[in-house]
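The block underneath contains the structure these notes are about, expressed in structure tokens.
Remember, predicted model here, so these are calculated numbers, not experimental data. Counting begins at 1 with the first residue of the sequence.
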Amino acid sequence: MTSAALLDRVGLRVGDLPCAIAETAFPVRVPPHYLGLIRRGDPDDPLLAQVLARGAELLDAPGTLTDPLAEAGFGMGQGILRKYRSRALLLAAGACAIHCRYCFRRHSDYGDTMLPAGAVDDALAAIAAAPEIREVILSGGDPLMLSDTRLAALLPAIAALPQVTNIRIHTRMPTTVPARVTPALCALLAGLGTPVVIVLHTNHAQELDGVVAAALADLRAAGVHLLNQSVLLRGINDTPPVAAAHARRLFACGVLPYYTHLLDPVAGAAHFDVPLAEARALEAALRADLPGYLVPRFVREVPGADSKTPIWALD
Ligand code: SF4
């Protein structure tokens with residue numbers, strides 16, 4: 001889909017926006033359910049802003065990079081990253097159902113970095129040889145883009161690794177394509193015998209409609225622990241009322257807020273950036289308004305650090 005076609009689908013014209021649109025090498029992609037959640041005729045819609053390619057993406061912003069987290073330096077083998085001592089990340093899929101304009105992997109060549117089906121055994125052998133790895137995280141792309149057949153081969157093999165105590169899946173699929181949460185997927189997750197954590201990615205309460213809530217209820221009924229991570233985005237979720245409403249809606253859907261990430265300095269997304277001082281003020285406002293368990297940890301990923309860095313520890 002082009003940016004112009006997306007605008008047309010939500011009842012807008014280019015002249016309705018306060019900015020230009022763009023067509024870039026990272027194409028616009030919006031699944032039908034998510035498209036239906038965008039308010040027609042609203043140029044400021046917070047969901048539209050996450051998926052519409054704006055002219056600002058083409059600007060050369062100082063300090064931005066194509067691999068802002070230096071992931072190329074953390075490979076354990078093709079398709080495996082080890083950023084932290086006790087966790088390994090499998091880049092299980094090379095595609096997503098939605099293209100988030102601020103994605104830190106928007107410049108990734110998944111053909112070179114993702115885990116090919118034929119390399120799964122080698123990847124699991126590498127993890128088995130590192131007994132301090134206790135958790136395997138499926139990432140991508142979006143790992144729920146894999147078919148149930150692929151998942152039914154991969155997940156039990158991970159669960160069978162003796163040192164793995166839990167499996168984590170990072171995905172936007174349950175909230176952007178809720179139909180992906182099928183009875184077969186739930187049965188697969190429920191039958192693994194190893195606890196499964198799904199870390200969703202939503203940024204605004206508007207993404208959590210009744211259809212999504214029902215899909216999340218199915219995952220919970222399958223015994224899955226649900227957490228959410230967000231990216232702090234200029235004009236989308238950077239005010240206390242919006243962020244607090246998001247946290248409350250997550251809880252109503254059985255999801256705990258986990259992380260709010262400061263934007264990674266990825267080329268093409270600088271217009272989403274929220275300065276550190278504003279992030280700190282937002283976190284403080286949420287602490288004053290919400291119970292502690294609904295306040296996400298505000299963090300930045302610093303390449304080479306032992307863990308995510310809380311924003312109070314940043315310079
Ligand atoms: S779903 Fe995740 S990996 Fe895919 S474009 Fe969005 S942020 Fe990036």
Side-chain angles (χ1 to χ4, degrees), residues 1-66 68 95-108 142 172-173 175-178 201-209 211-212 229-246 249 260-279 281-282:
M1 182 187 298
T2 63
S3 294
L6 171 57
L7 281 184
D8 187 57
R9 294 286 293 275
V10 299
L12 290 167
R13 290 171 301 182
V14 174
D16 296 325
L17 298 173
C19 60
I21 60 170
E23 311 296 343
T24 77
F26 183 54
V28 169
R29 181 173 293 171
V30 191
H33 178 82
Y34 198 88
L35 189 61
L37 296 179
I38 296 172
R39 289 189 297 262
R40 287 185 61 80
D42 182 355
D44 298 320
D45 184 87
L47 277 56
L48 177 65
Q50 295 179 49
V51 293
L52 179 69
R54 296 173 186 264
E57 292 191 17
L58 303 175
L59 300 177
D60 190 12
T64 60
L65 303 162
T66 55
C96 301
I98 186 168
H99 280 177
C100 315
R101 305 314 304 175
Y102 50 84
C103 178
F104 72 90
R105 294 199 180 116
R106 56 177 289 161
H107 302 284
S108 288
D142 194 312
R172 274 203 107 170
M173 290 289 276
T175 56
T176 60
V177 187
H201 169 185
T202 66
N203 298 308
H204 195 283
Q206 194 176 317
E207 294 170 60
L208 297 154
D209 73 337
V211 176
V212 168
Q229 56 184 347
S230 298
V231 180
L232 183 57
L233 299 166
R234 166 68 70 210
I236 294 174
N237 56 7
D238 57 343
T239 66
V242 168
H246 182 210
R249 180 61 185 153
T260 294
H261 296 265
L262 267 58
L263 184 76
D264 300 311
V266 64
H271 52 295
F272 288 111
D273 191 44
V274 177
L276 178 59
E278 287 185 41
L282 176 59

Please confirm whether the backbone N or O of Arg101 pairs with a side-chain atom of Arg106, one donor and one acceptor, at under 3.5 Å? yes
Got Arg13 and Pro43 here, is their nearest side-chain heavy-atom distance under 4.5 Å? no
Check against side chain to side chain contact (heavy atoms under 4.5 Å, CB included), Leu12 and Leu48: CA-CA 11 Å; Leu12 290 167; Leu48 177 65; 3.6 Å; yes
Quick one: closest heavy-atom pair of Pro68 and Asp264, and the distance? CG-CB, 4.1 Å
To check you understand the geometry: which heavy-atom pair defines the closest contact between Val266 and His107, and what is its length? CG2-CD2, 3.6 Å
Set of ring-ring contact (aromatic ring centres under 6.0 Å, His included) partners for Tyr102, sequence neighbours left out: His201, Phe272
Set of residues satisfying ring-ring contact (aromatic ring centres under 6.0 Å, His included) with respect to His204, sequence neighbours excluded: none
Less than 4.5 Å apart, side chain to side chain, heavy atoms only: is that true for Cys100 and Val51? no
Verify side chain to side chain contact (heavy atoms under 4.5 Å, CB included) between Thr24 and Leu58, making sure each step is shown before the conclusion. CA-CA 8 Å; Thr24 77; Leu58 303 175; 3.9 Å; yes
Given the rule in the side chain to side chain contact (heavy atoms under 4.5 Å, CB included) test, do Thr202 and Val212 qualify, once you have shown the distances and angles that lead to the verdict? CA-CA 11 Å; Thr202 66; Val212 168; over 6 Å; no
Residues in ring-ring contact (aromatic ring centres under 6.0 Å, His included) contact with Phe26, at least two apart in sequence or another chain: His99
Donor-acceptor pair, Glu23 side chain versus Ser3 backbone, under 3.5 Å? yes
Quick check: does any side chain N or O of Glu207 sit under 3.5 Å from a backbone N or O of Thr176, one acting as donor and the other as acceptor? no
Closest non-hydrogen contact found for Val30 with Leu35 is CG1-N, 3.9 Å
Taking C-beta and beyond as the side chain, do Tyr34 and Gln50 meet within less than 4.5 Å on heavy atoms? yes
Can you name the closest pair of heavy atoms from Glu57 and Leu52 and give their distance? OE2-O, 4.1 Å
Decide yes or no for Asp16 and Leu7: does some side-chain heavy atom of the first lie under 4.5 Å from some side-chain heavy atom of the second? no
Does any non-hydrogen side-chain atom of Leu263 lie less than 4.5 Å from one of Val274? no
Backbone N/O of Asn237 and side chain of His246: donor-acceptor pair under 3.5 Å: no
Calculate, to the nearest 0.5 Å, the distance between atoms CD and OG1 belonging to Glu278 and Thr239 respectively. 11.0 Å
Calculate, to the nearest 0.5 Å, the distance between atoms CZ and OG1 belonging to Arg105 and Thr66 respectively. 13.5 Å
Counting only N and O atoms by type, is there a donor-acceptor contact under 3.5 Å from the side chain of Arg172 to the main-chain atoms of Ile98? no
Give every residue pair that meets the salt bridge (Lys or Arg N to Asp or Glu O under 4.0 Å) criterion with at least one member in residues 31-43, sequence neighbours excluded. Arg39-Asp42, Arg39-Asp45
Going through the checks in order, is the side chain to side chain contact (heavy atoms under 4.5 Å, CB included) test met by Thr260 and Leu282? CA-CA 11 Å; Thr260 294; Leu282 176 59; 5.9 Å; no
For His33, ring-ring contact (aromatic ring centres under 6.0 Å, His included) partners two or more places apart: none
For the student: nearest non-hydrogen atoms of Arg54 and Cys19, plus distance: NH1-SG, 2.8 Å
Is the closest side-chain heavy-atom distance between Leu232 and Asp238 below 4.5 Å? yes
Taking only residues two or more places apart in sequence or in another chain, which ones pass side chain to side chain contact (heavy atoms under 4.5 Å, CB included) with Ala61? Thr64, Ala270
Between Ala205 and Ala245, the two heavy atoms sitting closest are CB-O, 4.0 Å
